[in-house]
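In this chain, residues are counted from 1 in sequence order.
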Amino acid sequence: MRYNGTNYPFDVVYEDNHLIVVNKEASLLVQGDKTGDRALPDYVKQYLKEKHNKPGAVFCGVIHRIDRPVSGLVVLAKTSKALERMNKLVRTRDFHKTYWAIAKKCPYPKEGRLVHWLRKDTVKNTTTAFDEDPGDAKKSELTYTAIGKLNDHWLIEVRPVTGRPHQIRVQLAKIGCPIRGDVRYGFKKLNPDRKSINLHAKELHFIHPVKKESMHFKAPLPNDDFWQQFGTLDTIKTREIKHVLKK
């Protein structure tokens with residue numbers, strides 16, 4: 001996105017007095033870490049300050065996170081009231097996310113539900129999935145559907161039920177379907193840009209914390225040739241998906 005001569009690593013999908021929804025590029029941190037690299041809220045604050053000519057500090061609260069190499073939708077709060085209410089929606093699981101992932105292997109069965117227990121190693125920044133609770137892990141759930149295949153890669157739609165660190169990445173890897181480019185969780189090689197994986201936060205649905213209206217957002221796929229070839233599958237209707245699954 002370019003605004004008044006400044007390039008931003010995101011596109012604004014929606015903005016009102018309470019929230020801003022952006023479609024972020026892969027490799028951009030959602031929240032600052034030990035690297036000290038500039039994070040999404042820093043860019044959003046700059047954007048809001050510039051757009052609205054704000055002379056003082058700009059509030060920008062992180063409601064949820066997606067991993068650095070992941071692209072797609074992120075919602076940030078512009079007020080403390082909106083942040084508090086959105087955090088409650090996330091805690092009560094009234095904040096619904098849909099992701100698209102690309103893998104070399106088709107999951108079996110082609111649609112289903114995954115339940116694992118995840119343990120996070122904060123030093124190595126990796127997560128391990130277990131089939132049974134080892135006693136110090138958190139239950140993690142998601143549902144998935146294999147939408148279709150192009151060339152030798154499968155497009156998988158994922159809807160997380162819980163929100164654990166690296167959840168989709170490690171759960172798909174656990175069933176033998178690591179995400180393309182995700183060498184941390186078993187894919188054989190990095191993507192050509194060496195900074196992204198083929199996981200995209202594609203849709204969000206929630207009730208607006210102030211307006212109480214149903215909000216539904218959909219992000220276009222990243223603008224690179226590999227992702228764009230899967231854009232045709234975005235128009236598949238439910239009955240056509242079922243036909244694909246029966247093959």
Side-chain angles (χ1 to χ4, degrees), residues 1-3 8-28 30 40 43-44 47 60 62-78 82 85-86 89-90 93-103 111 142-150 153-163 167-169 172 179-181 196-242 244-245:
M1 174 187 178
R2 189 172 179 84
Y3 183 80
Y8 290 96
F10 60 82
D11 290 316
V12 177
V13 176
Y14 173 84
E15 182 187 352
D16 61 21
N17 292 333
H18 314 282
L19 303 173
I20 181 168
V21 183
V22 302
N23 179 18
K24 90 166 185 78
E25 297 177 358
S27 82
L28 176 63
V30 171
L40 176 61
Y43 286 105
V44 172
Y47 165 78
C60 181
V62 176
I63 296 164
H64 66 113
R65 301 165 183 81
I66 60 177
D67 295 341
R68 185 170 193 167
V70 179
S71 58
L73 294 171
V74 180
V75 187
L76 301 110
K78 294 173 62 177
R85 293 183 180 183
M86 287 298 295
L89 289 181
V90 173
R93 299 183 182 176
D94 293 317
F95 185 76
H96 306 287
K97 298 175 283 185
T98 300
Y99 290 77
W100 272 15
I102 296 173
E111 60 180 335
L142 60 80
T143 62
Y144 69 88
T145 301
I147 293 178
K149 183 181 183 182
L150 285 179
H153 288 84
W154 283 86
L155 179 63
I156 306 167
E157 184 170 275
V158 181
R159 298 177 184 271
V161 177
T162 53
Q167 174 179 336
I168 297 173
R169 300 165 64 182
L172 288 183
I179 295 168
R180 180 178 180 265
S196 71
I197 63 174
N198 286 102
L199 181 61
H200 182 61
K202 196 168 188 299
E203 295 186 50
L204 287 174
H205 180 252
F206 57 90
I207 302 300
H208 195 286
V210 179
K211 298 179 180 180
K212 304 304 180 184
E213 299 172 354
S214 178
M215 311 297 288
H216 181 221
F217 303 103
K218 186 174 181 179
L221 294 175
N223 188 28
D224 72 65
D225 292 341
F226 194 89
W227 263 121
Q228 287 299 311
Q229 69 179 328
F230 286 88
T232 56
L233 295 179
D234 203 5
T235 60
I236 293 178
K237 297 179 179 61
T238 301
R239 60 182 176 82
E240 294 172 318
I241 292 175
K242 296 301 182 184
V244 169
L245 294 174

I'd like to know if the side chain of [X] pairs up with that of [Y] as donor and acceptor (distance under 3.5 Å, no hydrogens or angles considered).
| X | Y | answer |
| --- | --- | --- |
| T98 | R159 | yes |
| N198 | H153 | no |
| T162 | Q167 | yes |

Exercise. Can we say K78 and E15 salt-bridge, meaning some charged N sits less than 4.0 Å from an Asp/Glu carboxylate O?
Worked result: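 E15 and K78: salt-bridged.
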
Problem set entry | Salt bridge flag under 4.0 Å for residues K211 and D16 |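 Looking at D16 together with K211, the answer is yes, because their closest N to O distance falls below 4.0 Å.
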
For this session: Assign the ring pair F230 / W227 to parallel, tilted or perpendicular, where the plane angle (0 to 90°) is split at 30° and 60°.
Result: perpendicular

For this session: Classify the ring geometry between H208 and Y14 as parallel (under 30°), tilted (30 to 60°) or perpendicular (over 60°).
Result: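 H208 vs Y14 ring planes: perpendicular.
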
Note, [X] side chain near [Y] side chain (heavy atom, < 4.5 Å):
| X | Y | result |
| --- | --- | --- |
| K24 | V30 | yes |
| M215 | L204 | no |
| F206 | V90 | no |
| L40 | L76 | yes |
| S71 | L28 | no |
| I102 | F226 | yes |
| I156 | I147 | no |
| M86 | I207 | no |

At their closest point, which heavy atom of [X] faces which heavy atom of [Y], and how far apart are they?
| X | Y | result |
| --- | --- | --- |
| H64 | V75 | NE2-N, 2.9 Å |
| W154 | A146 | CE3-CB, 4.1 Å |
| I168 | L199 | CG2-CD1, 4.0 Å |
| P209 | L19 | CD-CD1, 3.8 Å |
| V70 | A201 | CG1-N, 4.4 Å |
| E157 | W100 | OE1-NE1, 3.1 Å |

Problem set entry | Results of side-chain hydrogen bond (donor to acceptor under 3.5 Å, both in side chains) for Q228 - residues two or more places apart only | none

Exercise. How would you list, by chain and number, every residue that makes a side-chain hydrogen bond (donor to acceptor under 3.5 Å, both in side chains) with D67, sequence neighbours excluded?
Worked result: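 side-chain hydrogen bond (donor to acceptor under 3.5 Å, both in side chains) check on D67 returns R169.
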
For this session: Please assess Y8 against Y3 for the test ring pair (Phe, Tyr, Trp, His ring centres under 6.0 Å), listing each intermediate value before the final yes or no.
Result: CA-CA 8 Å; Y8 290 96; Y3 183 80; 7.2 Å; no

Exercise. Roughly how far apart are R180 CZ and S196 OG, rounded to 0.5 Å?
Worked result: 7.5 Å

For this session: Look up atom CD in Q229 and atom CG in L221, then write down how far apart they are to the nearest 0.5 Å.
Result: 10.5 Å

Exercise. Would a line drawn from the ring center of F10 to the ring center of Y43 be shorter than 6.0 Å?
Worked result: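 When the ring centroids of F10 and Y43 are compared, they turn out to be at least 6.0 Å apart.
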
Problem set entry | Partners passing ring-ring contact (aromatic ring centres under 6.0 Å, His included) against H96 (at least two apart in sequence or in another chain) |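 By the ring-ring contact (aromatic ring centres under 6.0 Å, His included) rule, H96 matches no residue at all.
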
